[in-house]
Amino acid sequence: MVHLFRTSLGVMALAAATFGPGGGVHAASGPFLAHQALYDLSLVKSRSSSINSARGRILYNFTGSSCEGYTSEFRQVSELDSGEGKVTLSDLRSNSWEDAAGKSYRFKIETRMNETASGLVDGSAVRDGDHINVKLKLPAPKNFTLDGKIVFPTEQIQRIIAAAKEGKSLLELSVYDGSDDGQKVYNTLTVIGQPIPADRTASPDPATADEHMKTLTRWPVTVSYFDRDVKQKEGEQTPVYAMSFELYENGVSRQLVLDYNDFVISGAMGKFDVKDSKPCN
């Protein structure tokens, strides 16, 4: 269960700015906001007796432009208390870069459990026609190909916003983000609610108070992540985890809720700073 705190980079991206048009399929309207966001994590509820409390933080930095590509730095530190003095501390750090066309993606992910390194993934993926070429350096050198219909995290965000603006309520995508051992592909189902107009009163946080955000529409969104390698049995497949949030049209997310099946964690925005971005020449 604790391994589920190795949150996929798809989840990370959803807590970030959208990066730009992906794969040339859709063209989301900009501008996309370069920023730093801090989310404070706390336990909402536990569906099992194995979790007494949980807390932590997500820190996200996003920079770049459509000319030079986009760089994201992400860190999630989480502490699980299962009672009787059993506390598990997980620390996930990642750095990634993706070009604005969704054709190239580089990633480096480090996972630490109880201050001991437990995983390091380093690799890149390049879209080539109807397939994607993946080259891993770590955890072991390996080259393999993926279906070209699979999207990277930045394009996932872009397509969610495009679908929301088109009035769609459902979106299915397969996503590759380099998480786990660098070979994992998630099937995702996104449910998009009715748009929330800019003048609708929201519970205040640093994002709602920012001048860049006050005139923007947002949507309630839930994304469920399914293990593509697990064969579906009778009935519906259970997601590995799901994430709910309010997504602004510039890509910023607020009111995060992470559902790991056994327990649910909320992510309240504690800090939000807009960063300078250099325009394309």
Side-chain angles (χ1 to χ4, degrees), residues 3-26 32 34 60-76 90-113 116-160 172-188 223 225-231 240-241 251:
H3 74 279
L4 292 179
F5 268 108
R6 295 173 62 176
T7 312
S8 106
L9 294 187
V11 170
M12 170 273 291
L14 290 170
T18 192
F19 305 140
V25 178
H26 298 285
F32 304 108
Y60 188 83
N61 279 293
F62 163 75
T63 57
S65 69
S66 59
C67 304
E68 62 188 18
Y70 301 95
T71 299
S72 61
E73 298 175 347
F74 168 83
R75 186 177 184 185
Q76 178 178 337
S90 68
D91 187 346
L92 172 65
R93 310 179 191 196
S94 73
N95 288 273
S96 65
W97 174 90
E98 187 171 342
D99 75 334
K103 295 180 179 179
S104 182
Y105 176 58
R106 297 195 300 265
F107 52 90
K108 186 176 291 185
I109 310 161
E110 180 183 4
T111 307
R112 302 179 71 87
M113 301 294 289
T116 300
S118 61
L120 186 60
V121 180
D122 188 351
S124 61
V126 177
R127 193 178 302 278
D128 183 9
D130 62 355
H131 64 279
I132 296 170
N133 296 317
V134 180
K135 182 179 294 186
L136 294 180
K137 298 178 182 177
L138 295 170
K142 184 173 184 177
N143 297 341
F144 59 94
T145 61
L146 297 172
D147 187 331
K149 294 180 181 179
I150 293 169
V151 301
F152 302 138
T154 56
E155 183 173 356
Q156 177 192 17
I157 301 299
Q158 187 276 327
R159 290 200 184 192
I160 291 173
E172 293 185 74
L173 294 170
S174 293
V175 180
Y176 176 76
D177 53 34
S179 59
D180 293 310
D181 60 356
Q183 300 179 61
K184 178 71 69 177
V185 174
Y186 286 101
N187 290 335
T188 69
V223 184
Y225 286 77
F226 301 86
D227 189 335
R228 201 182 196 209
D229 297 331
V230 175
K231 298 297 182 181
V240 178
Y241 54 82

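Keep in mind that what you see is a predicted model, and the values were worked out from it rather than measured.
A 6.0 Å sphere centred on NZ of Lys184 holds more than 12 heavy atoms belonging to other residues, nucleotides or ligands.
Legend: residues meeting side-chain hydrogen bond (donor to acceptor under 3.5 Å, both in side chains) with Ser174, ordered by chain and number and at least two apart, are Asn187. Partners of Glu73 according to the side chain to side chain contact (heavy atoms under 4.5 Å, CB included) rule, which considers only residues two or more places apart in sequence or in another chain, are Asn61, Asn95. Checked against salt bridge (Lys or Arg N to Asp or Glu O under 4.0 Å), Asp91 has the following partners two or more places apart in sequence or in another chain: Arg75, Arg93. In this structure Leu138 satisfies the side chain to side chain contact (heavy atoms under 4.5 Å, CB included) test together with Leu120, Asp122, sequence neighbours excluded.
In this structure, the side chains of Tyr70 and Ser96 stay at 4.5 Å or more apart for every pair of heavy atoms. In this structure the side chain of Gln158 never reaches within 4.5 angstrom of the side chain of Val151, judged on heavy atoms.
Between Tyr176 and Tyr105, the two ring planes are perpendicular [angle over 60°; tilted spans 30° to 60°].
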Run the side-chain contact (heavy atoms from CB on, under 4.5 Å) check on Arg228 and Ile150 step by step: do they pass? CA-CA 12 Å; Arg228 201 182 196 209; Ile150 293 169; 3.6 Å; yes

Going through the distances and angles, do Thr188 and Gln156 end up as a side-chain contact (heavy atoms from CB on, under 4.5 Å)? CA-CA 10 Å; Thr188 69; Gln156 177 192 17; 4.0 Å; yes

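A salt bridge does not link Glu110 with Lys108: none of the charged nitrogens is closer than 4.0 Å to a carboxylate oxygen.
Looking at Tyr186 and Asp180, their side chains do bring a donor and an acceptor atom within 3.5 Å of each other.
Applying the side chain to side chain donor-acceptor pair (under 3.5 Å) rule to pairs touching residues 143-153 yields nothing, sequence neighbours excluded.
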